[in-house]
Visitor: 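A single structure is presented below for examination.
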Amino acid sequence: MTLKESQKVRTRFAPSPTGPLHIGGLRTALYAYLYAKRHQGDFLLRIEDTDQNRLVEGSYEIIVESLKWCGINLDESPENPGKFGPYIQSQRKEIYQKEIQKLLENGSAYYAFDSEEEIQAFRERTKSENNGFSLPYNFQTRNTMKNSLTMSDREVAEAIKTLPYVIRLKIDAHNDVSFYDEIRGEMHFDAAQLDDRVLMKSDGMPTYHFANVVDDHLMEITHVIRGEEWLNSTAHHILLYKAFGWEPPVFAHLPLILKPEGQGKLSKRDAEAAGFPIYCVAWQNPSTLEISDGYREKGFLPEAFINFMALLGWNDGTETEIMNLETLIKRFSLDRVHKSGAKFNYEKALWFNQQYILNLPDEKLLEELEGHLDKNRCIITSENLIHYVRTYKPRIQFISEISSIGDYLLYPIEKMDLETFGKKWSPDFLSYIQEFTALIQNTAFELLEEANKALINSHQLKMGQIMPILRLLLSGTTQGPSIYEQIQILGAKNAIQRLNEIPKI
RNA sequence: GCUCCGUUCGUCUAACGGUUAGGACUCAAGAUUUUCAUUCUUGCAAUAGGGGUUCGAUUCCCCUACGGAGUACCA
């Protein structure tokens with residue numbers, strides 16, 4: 001909005017590698033991606049690993065793999081760098097060291113030498129004057145602390161050599177900040193409520209706030225699209241841009257994804273309790289060895305998953321719900337993103353998946369089936385597998401189910417419902433069955449149903465009587481597709497063989 | 001506590017200040033099917049509460065209630 005029209009749109013996803021990509025992060029990435037692509041821009045991945053203590057091994061790989069599975073392409077990333085690298089913050093230390101000097105020099109930042117204990121004491125001390133909540137370290141309180149604003153130049157020079165220190169952003173009474181959020185609208189913060197946030201930690205690493213602002217500027221990010229949890233800190237970020245004399249990017253703060261029951265942000269616990277995955281792809285925690293399910297492994301189609309996620313907090317204003325990535329890109333806009341959080345609805349995610357499965361070309365499903373088929377045991381000819389796929393497509397919820405849902409047709413029958421068979425069976429059926437098998441042998445598949453109805457009539461049998469028996473003989477169960485579809489899948493030879501194997505009761 | 005944000009069917013959501021408040025998921029009933037699934041039809045179900053402004057408020061303003069986020073040398 002404040003940016004020149006000519007500037008190329010660049011958005012980024014900037015996770016910290018503390019675990020796999022969960023659905024909240026995925027949606028943030030998705031929106032940033034959609035926005036960039038909508039405007040023919042670039043989308044890049046930057047890893048924010050400034051807190052080395054929280055790193056979890058393998059996070060980076062799984063984040064990249066998750067994005068890839070979802071079809072979200074990275075124009076620039078650590079392994080595919082553009083001209084703005086490195087794309088991993090821990091490798092950009094010198095850059096931050098250099099940039100912080102500018103702020104120190106122009107007086108926007110200052111050294112603070114307060115020890116952990118002193119900060120703790122400060123908090124305890126100020127609690128009494130603020131309803132049990134400690135006062136912020138800011139222009140109203142910093143004069144009571146040990147920092148380069150309260151010490152002489154000599155003391156400071158000495159302290160820098162001997163004491164651990166942090167560098168804080170200097171915010172003064174006149175630093176009220178206003179900015180426009182693409183989703184929330186006009187925002188305003190009073191300087192008095194802002195703290196002099198730490199920019200550089202005592203270990204020499206930047207904090208999120210500093211690294212983020214520096215990198216977004218250096219990487220020419222035009223639109224910062226991120227979660228609502230950053231809304232309050234944006235005031236600090238704006239002040240940082242000002243301190244540098246840089247033009248801030250456009251900000252857009254996304255609403256949170258809430259737990260399905262009750263209230264609050266969706267957590268791993270909630271998802272597990274409700275029985276749905278929270279991660280895009282499955283993941284094993286390297287320290288606890290705990291394995292978490294993923295949408296990919298569960299049998300979701302990435303297109304369905306993306307479609308569902310996109311609609312959690314955004315819609316295009318029409319009644320269209322089924323939209324592939326390409327359509328989403330065409331229709332996405334930040335001004336139709338909601339302000340309030342959305343409860344996660346797994347039922348609806350399942351529905352999307354089913355819709356996408358229904359629309360899947362038979363060949364795709366066939367591939368999936370063939371990938372998991374036990375070819376040695378399979379009794380179906382490869383030409384007939386396509387019938388199997390067509391028949392079972394509307395009956396599965398997850399793509400992974402295709403190889404197991406009709407196992408009684410693919411392989412020899414393992415479970416025969418003898419109890420029902422015993423109840424329904426009558427030796428009078430034998431002559432009918434004999435004629436029916438002959439019918440199968442001599443009748444084109446398309447005519448079989450009509451012919452069989454006539455046959456049943458001529459034997460003076462009722463559909464409800466004989467059908468369950470045929471089902472049982474063909475598949476071992478009374479449920480499932482029509483017997484004609486089953487016969488088509490099995491092929492005449494298999495079908496006749498099964499019909500002739502009458503269980504002894 | 002303080003700061004910021006939010007509130008339409010159970011859920012996701014639509015509605016230039018004027019609609020019988022629309023759609024989707026779920027659920028229920030029905031049609032189709034020998035059964036299951038798909039498909040189709042129908043039904044149930046909402047503007048948090050209270051004040052304004054207005055001829056008229058889901059829509060604008062205020063208050064209350066409720067919910068969320070932030071309030072770290074974590075991101």
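Naming: A, B, ... by sequence-line order, numbering from 1 per chain. Everything numeric here is computed off the predicted structure, so don't read it as measured data.
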Visitor: What distance, rounded to whole Å, do you find between the two P atoms, one in A57(B) and one in C61(B)?
Guide: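 About 15 Å, rounded to a whole number of Å.
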
Visitor: Phosphate oxygens OP1/OP2 of U38(B): is one of them under 4.0 Å from a side-chain N or O of Q354(A)?
Guide: yes

Visitor: Compare side-chain N and O positions of T318(A) against OP1 and OP2 of A14(B) and report whether any pair is under 4.0 Å apart.
Guide: no

Visitor: Would you say a side-chain N or O of R336(A) is under 4.0 Å from OP1 or OP2 of A15(B)?
Guide: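 So the side-chain polar atoms of R336(A) do come within 4.0 Å of the phosphate oxygens OP1 or OP2 of A15(B), strictly under.
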
Visitor: Whether K201(A) contacts A75(B) is assessed here as follows: a side-chain N or O lying under 4.0 Å from the phosphate OP1 or OP2. Is that the case?
Guide: yes

Visitor: Can you say whether a donor on the side chain of K348(A) sits under 3.5 Å from an acceptor on the base of A24(B), or the other way round?
Guide: yes

Visitor: Would you mind classifying the nucleic acid contact of D49(A) as base, sugar-phosphate or nothing, using non-hydrogen atoms under 4.0 angstrom?
Guide: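 Result for D49(A) = nothing.
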
Visitor: Over how many whole Å does the gap from F133(A) atom CZ to G70(B) atom P extend?
Guide: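 It is 14 Å, rounded to the nearest whole Å.
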
Visitor: In whole Å, what separates the P atom of C66(B) from that of A29(B)?
Guide: 39 Å

Visitor: Select base, sugar-phosphate, or nothing to describe what G227(A) touches, counting heavy atoms under 4.0 Å on all strands.
Guide: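 No contact.
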
Visitor: Just call it for P481(A): base, sugar-phosphate, or nothing, with non-hydrogen atoms closer than 4.0 Å on any strand.
Guide: base

Visitor: Please report, rounded to the nearest Å, how far the P atom of G70(B) is from the CG atom of N232(A).
Guide: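 Atom-to-atom, N232(A) to G70(B), this comes out as 8 Å.
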
Visitor: Rounded to the nearest angstrom, tell me the gap between atom CH2 in W351(A) and atom C1' in C27(B).
Guide: 16 Å

Visitor: So if I take every side-chain heavy atom of R184(A) and compare against C5(B), U35(B), U7(B), which nucleotide ends up nearest?
Guide: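 Nearest nucleotide to the side chain: C5(B).
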
Visitor: In whole angstrom, give the distance that lies between atom CD of E321(A) and atom P of G22(B).
Guide: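 Going from E321(A) (CD) to G22(B) (P), I get 16 Å.
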
Visitor: Return the minimal non-hydrogen interatomic distance between I183(A) and H253(A), and the atom names on each side.
Guide: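 Between these two residues, the closest heavy atoms are CD1-O, 3.6 Å.
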
Visitor: On RNA chain B, compare the nucleotides closest to A349(A) and K343(A); which residue's is nearer the 5' end?
Guide: K343(A)

Visitor: Could you pull out the closest heavy-atom pair between H236(A) and L169(A), with the gap in Å?
Guide: O-CD2, 4.0 Å

Visitor: Describe the nucleic acid contact of F189(A) in one word from base, sugar-phosphate, nothing, applying a heavy-atom distance below 4.0 Å.
Guide: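 Contact class for F189(A): sugar-phosphate only.
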
Visitor: For Y208(A) and A75(B), is the gap between ring centres under 5.5 Å while the planes differ by less than 30°?
Guide: no

Visitor: What is the nucleic acid contact for G480(A), judged by heavy atoms within less than 4.0 Å: base, sugar-phosphate only, or nothing?
Guide: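 Since a base atom lies under 4.0 Å of G480(A), the category is base.
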
Visitor: Between H459(A) and Y432(A), how do the two ring planes meet: parallel, tilted or perpendicular, split at 30° and 60°?
Guide: perpendicular

Visitor: Could you say whether L258(A) or H188(A) is positioned toward the 5' end of RNA chain B, judged by the nucleotide with the nearest heavy atom to each?
Guide: H188(A)

Visitor: Across the strands shown, which category fits Q355(A) at heavy-atom distances under 4.0 angstrom: base, sugar-phosphate, nothing?
Guide: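 Answer is sugar-phosphate: Q355(A) comes under 4.0 Å of backbone atoms only.
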
Visitor: Quickly work out the W314(A) CH2 to A24(B) P distance and round it to whole Å.
Guide: 18 Å

Visitor: Please classify the nucleic acid contact of V198(A) as base, sugar-phosphate, or nothing, using heavy-atom distances under 4.0 Å.
Guide: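 It contacts sugar-phosphate atoms only.
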
Visitor: Taking only the side-chain heavy atoms of N315(A) (C-beta and beyond), determine which of C5(B), U13(B), U34(B) contains the nearest atom.
Guide: U13(B)

Visitor: Between atom CZ in F308(A) and atom P in C25(B), what is the gap in whole Å?
Guide: 13 Å

Visitor: Crowded around K424(A) NZ? As in, over 12 foreign heavy atoms under 6.0 Å?
Guide: no

Visitor: Using only heavy-atom distances, decide whether a donor-acceptor pair under 3.5 angstrom links the side-chain of R395(A) to the base of C36(B).
Guide: yes

Visitor: Is any side-chain nitrogen or oxygen of H338(A) closer than 4.0 Å to OP1 or OP2 of U13(B)?
Guide: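 True: H338(A) side-chain N/O within range (under 4.0 Å) of U13(B) OP1/OP2.
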
Visitor: Applying a 4.0 Å non-hydrogen cut-off, can you work out what R168(A) is touching in the nucleic acid: base, sugar-phosphate, or nothing?
Guide: sugar-phosphate

Visitor: May I ask you to evaluate whether R197(A) reaches the phosphate of C74(B), defined as a side-chain N or O under 4.0 Å from OP1 or OP2?
Guide: no

Visitor: Once hydrogens and angles are ignored, does a donor-acceptor distance under 3.5 Å link the base of C73(B) to the side chain of S202(A)?
Guide: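 Such a pair exists between side chain and base.
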
